[in-house]
Amino acid sequence: MTRVGCWAHVRRKFFDDFKNTKQMTPGLKLLNQMFAFERDWASLDSVSRLNKRQQELKPLIERFWQWCDQADALPKDRLGKALAYAQGQRAALNRVLDYGEIDLSNNASERNMKSYVIGRKNWLFSTSPKGAEANAIWMTIVETARANGVDPRDYITQLLEIVSQLPTFAKAESLEACLPWKSMSIDSSVKTIA
């Protein structure tokens with residue numbers, strides 16, 4: 001597992017400084033340019049996006065770090081805190097240059113987790129590690145369905161109907177046909193594969 005940093009968190013800290021001082025730093029300008037590039041590249045496949053990052057994003061990131069290394073700010077003011085945060089995340093942030101599959105920010109992941117966070121008081125009553133594990137499994141199913149544009153309620157209903165009819169040791173193909181990114185016309189295909 002490789003830890004990757006979130007550039008949106010870095011940008012937010014520099015933006016807070018801008019809101020306070022009304023002066024846009026060169027660092028915030030570079031961050032804005034990075035995010036503009038990423039918006040333009042959103043529809044690219046991961047290989048093409050990685051190539052764009054190496055050619056166009058890498059020089060911006062290098063300029064950003066040069067500016068951070070030379071910026072003069074008091075450690076306790078907003079800019080100083082933004083610089084310290086960015087510098088502390090430097091290695092994890094630079095990993096965006098190694099992968100085309102990941103996003104510049106983890107905002108989408110955080111949005112997906114919001115429903116789980118909102119319900120966390122309910123999850124406290126799992127009463128056992130097994131109950132907590134069951135909750136984690138169900139939330140994973142729900143969020144995976146949502147991420148693939150499938151209505152979770154319809155998906156779970158169909159999933160329960162089909163999986164209950166599979167043999168105890170179903171073939172991998174039968175189970176794979178039930179995944180939400182597969183076409184959900186799995187009724188007949190699963191029965192024939194099983």
In Å and rounded to the nearest 0.5 Å, what is the [atom1] to [atom2] distance from [X] to [Y]?
{"X": "R11", "Y": "M34", "atom1": "CZ", "atom2": "CE", "result": "11.0 Å"}
{"X": "T157", "Y": "D151", "atom1": "OG1", "atom2": "CG", "result": "8.5 Å"}
{"X": "Q89", "Y": "K13", "atom1": "CD", "atom2": "NZ", "result": "9.5 Å"}
{"X": "N94", "Y": "K58", "atom1": "CG", "atom2": "NZ", "result": "9.5 Å"}
{"X": "N32", "Y": "L60", "atom1": "CG", "atom2": "CG", "result": "11.0 Å"}
{"X": "T25", "Y": "L83", "atom1": "OG1", "atom2": "CG", "result": "8.0 Å"}

With sequence neighbours excluded, residues passing salt bridge (Lys or Arg N to Asp or Glu O under 4.0 Å) with E176:
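Residues passing salt bridge (Lys or Arg N to Asp or Glu O under 4.0 Å) with E176: none at all.
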Any residue meeting salt bridge (Lys or Arg N to Asp or Glu O under 4.0 Å) with K81, in chain and number order, not counting sequence neighbours
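If we apply the salt bridge (Lys or Arg N to Asp or Glu O under 4.0 Å) test to K81, skipping adjacent residues, there are no hits.
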Restricting to non-hydrogen atoms, name the atom on [X] and the atom on [Y] that form the minimum distance, rounded to 0.1 Å.
{"X": "S105", "Y": "F35", "result": "CB-CE2, 4.2 Å"}
{"X": "A145", "Y": "Y155", "result": "CB-CD2, 3.9 Å"}
{"X": "R53", "Y": "G100", "result": "NH1-CA, 4.0 Å"}
{"X": "V47", "Y": "D45", "result": "N-OD1, 3.0 Å"}

Quick one: are [X] and [Y] in side-chain contact, heavy atoms under 4.5 Å?
{"X": "L166", "Y": "L175", "value": "yes"}
{"X": "L93", "Y": "W65", "value": "yes"}
{"X": "W7", "Y": "E38", "value": "no"}

ILVMFWY network linking L57 to L50, side-chain heavy atoms under 4.5 angstrom:
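The answer is no; the residues belong to distinct hydrophobic clusters.
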Following the transitive rule for hydrophobic clusters with a side-chain heavy-atom cut-off under 4.5 Å over Ile, Leu, Val, Met, Phe, Trp and Tyr, establish whether I137 and V150 coincide in one cluster.
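Result: yes, single cluster for both.
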With sequence neighbours excluded, tell me which residues meet side chain to side chain donor-acceptor pair (under 3.5 Å) with D77.
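Expected list: none.
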Residue list, side chain to side chain donor-acceptor pair (under 3.5 Å) with K52, at least two apart or on another chain:
E56
Aromatic rings W67 and F64: how do their planes relate, parallel, tilted or perpendicular, breaks at 30° and 60°?
tilted
Contact list for residues 86-106, test salt bridge (Lys or Arg N to Asp or Glu O under 4.0 Å), sequence neighbours left out
R49-D103, D69-R90
Residues 14-21, side-chain donor-acceptor partners within the protein, below 3.5 Å, at least two apart:
residue: T21; atom: OG1; partner: D17; partner atom: O; Å: 3.0
residue: T21; atom: OG1; partner: Q23; partner atom: N; Å: 3.2

